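Let me begin by presenting the structure, written as structure tokens, before commenting on it.
Excluded from the calculations below are hydrogen atoms, water molecules and symmetry mates; all remaining heavy atoms, backbone and side chain alike, are included. A quick note: this is a predicted structure, and the numbers were derived from the prediction, not measured.
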Amino acid sequence: MSMFKALVLNQIDNEIIAETKLLERSDLPAGDLLIRVAYSSVNYKDALAFKANGGVVKSYPFVPGIDLAGTVISSESERFRAGDEVIITGYGLGVSHFGGYSEYARVPAEWAVRLPSGLSLKEAMIMGTAGFTAALSVYELQQNGVRPEDGEILVTGATGGVGSVAAAIAAKLGYEVVASTGKLDKHDYLKALGVKRILSREELADGSKRALDKQLWAGAIDCVGGETLSSLLPQVKYGGVVAASGLTGGSELSMTVFPFIIRGVRLIGIDSVMASMETRIRVWEKLAGAYKPAKLEGLCEEIALDQVSERVAALLKGRSSGRVIVRL
């Protein structure tokens, strides 16, 4: 490994320039593990790294990519040895530490999860950060007592990376999944994931601003935030649970406290970046087993490193659906 390819971001004036370049091992940041990267993926947070005002990357030149799966080449940690297959998502990867859009990466060993039996490296990145976030959301609904027999659960932003995996996992576990989306041409895609019913974005967020609405959902997985989350919370059944992970629809909530203090609704925040290692291992084991969607390959499109910039642009314009994985 004398030279290897990586996608490198540089800022010139107020513009981010992305170029595929050849790097050397000495260009990589410090870390216990040297990894030959097999796959990464494209997430909304990755797309923000390509914007000068995206708030993700603070210094340049920089290699983005907030997740990766690959094989350990060398290790200075007792936890891993050469040949181990690992997954890395969250922490500083692709934000403050060179990320997955590179044929090789060097990372701290405490960030790495051993690839569980039942998953390939490719499958791990079909799920990636988005799938891990989706699985955390489903896990929290289960841990807080939302059962399939309790009624329909709503998944918002259901054609996105987190939403589509969450819908597929919940459907596999026997939940009656209702999907909310603004992409009317994706109904067949959602039905293939196991979704039973589809709502338009406008049907959910109709602007009524009721303090309490009809009790429709036993639980919800919200990947949108903003007006969407504000609209669905008054519709959650007594004692229901909402797992919230997104803000593509905005970061502010406009609602009352009545769903919480009259119906006992619980709003649980989902953070996949700093989740504990214990939680990571448990949830990845579930993704390799009970949570693993039956038609995982159908959730993704595979691209090469030099296609990442194009797909990021599509994602920022709202023209992307499902998962996009990057083959290194």
Legend entry - S41 side, atom OG; I66 side, atom CD1 - distance, nearest 0.5 Å: 6.5 Å
Legend entry - Between T129 and D67, a side-chain donor and acceptor under 3.5 Å: yes
Inset, instruction - For atom CD of E310, decide whether the heavy atoms of other residues, nucleotides or ligands shown that lie under 6.0 angstrom number more than 12. - result: no
Inset, instruction - Taking atom types as modelled, find out whether T156 and D222 have a side-chain donor-acceptor pair closer than 3.5 angstrom. - result: yes
Inset, instruction - Give a yes or no on this: more than 12 heavy atoms of other residues, nucleotides or ligands lie within 6.0 Å of atom CG of N53. - result: yes
Inset, instruction - May I ask you to check whether over 12 heavy atoms, not counting those of F258, lie within 6.0 Å of atom CZ? - result: no
Legend entry - With sequence neighbours excluded, residues passing side chain to side chain donor-acceptor pair (under 3.5 Å) with R327: E302
Inset, instruction - Classify the side-chain pair T228/S231 by whether it contains a donor and acceptor separated by less than 3.5 Å. - result: no
Legend entry - Distance (rounded to the nearest 0.5 Å) between E85 CD and L115 CG: 5.5 Å
Legend entry - Short side-chain donor-acceptor distance under 3.5 Å, R201 and T181: no
Legend entry - Residue E252 excluded, over 12 heavy atoms near CD under 6.0 Å: no
Legend entry - Student check: side-chain heavy atoms of L154 and L216 closer than 4.5 Å: no
Legend entry - E278 CD: over 12 foreign heavy atoms closer than 6.0 Å: no
Inset, instruction - Could you please spell out the steps behind the salt bridge (Lys or Arg N to Asp or Glu O under 4.0 Å) verdict for K237 and D150? - result: CA-CA 9 Å; K237 292 181 179 181; D150 293 335; over 6 Å; no
Inset, instruction - Could you tell me whether K191 and D188 have a side-chain N and a carboxylate O separated by less than 4.0 Å? - result: no
Inset, instruction - Check the side chains of E152 and W217 for a donor-acceptor pair under 3.5 angstrom, ignoring hydrogens and angles. - result: no
Inset, instruction - Please state whether the rings of F132 and W284 are parallel, tilted or perpendicular, taking 30° and 60° as the class boundaries. - result: parallel
Legend entry - Test side chain to side chain contact (heavy atoms under 4.5 Å, CB included) applied to V57 - qualifying residues, sequence neighbours left out: A49, Y60, F62
Legend entry - Distance (rounded to the nearest 0.5 Å) between L305 CG and L7 CG: 5.0 Å
Inset, instruction - Give a yes or no answer on whether the side chain of E140 reaches the backbone of S137 with a donor-acceptor pair at less than 3.5 Å. - result: no
Legend entry - Presence of salt bridge, E176 and R197, under 4.0 angstrom: no
Legend entry - Partners passing side chain to side chain donor-acceptor pair (under 3.5 Å) against Y91 (at least two apart in sequence or in another chain): R280
Inset, instruction - For atom NZ of K5, decide whether the heavy atoms of other residues, nucleotides or ligands shown that lie under 6.0 angstrom number more than 12. - result: no
Legend entry - Joint hydrophobic cluster, I270 plus V224, side-chain heavy atoms closer than 4.5 Å: no
Inset, instruction - Please report the C-alpha distance between S75 and D32 in whole Å, then the side-chain angles of each, then the deciding distance to 0.1 Å, and finally whether the side-chain contact (heavy atoms from CB on, under 4.5 Å) criterion is met. - result: CA-CA 6 Å; S75 171; D32 307 301; 5.7 Å; no
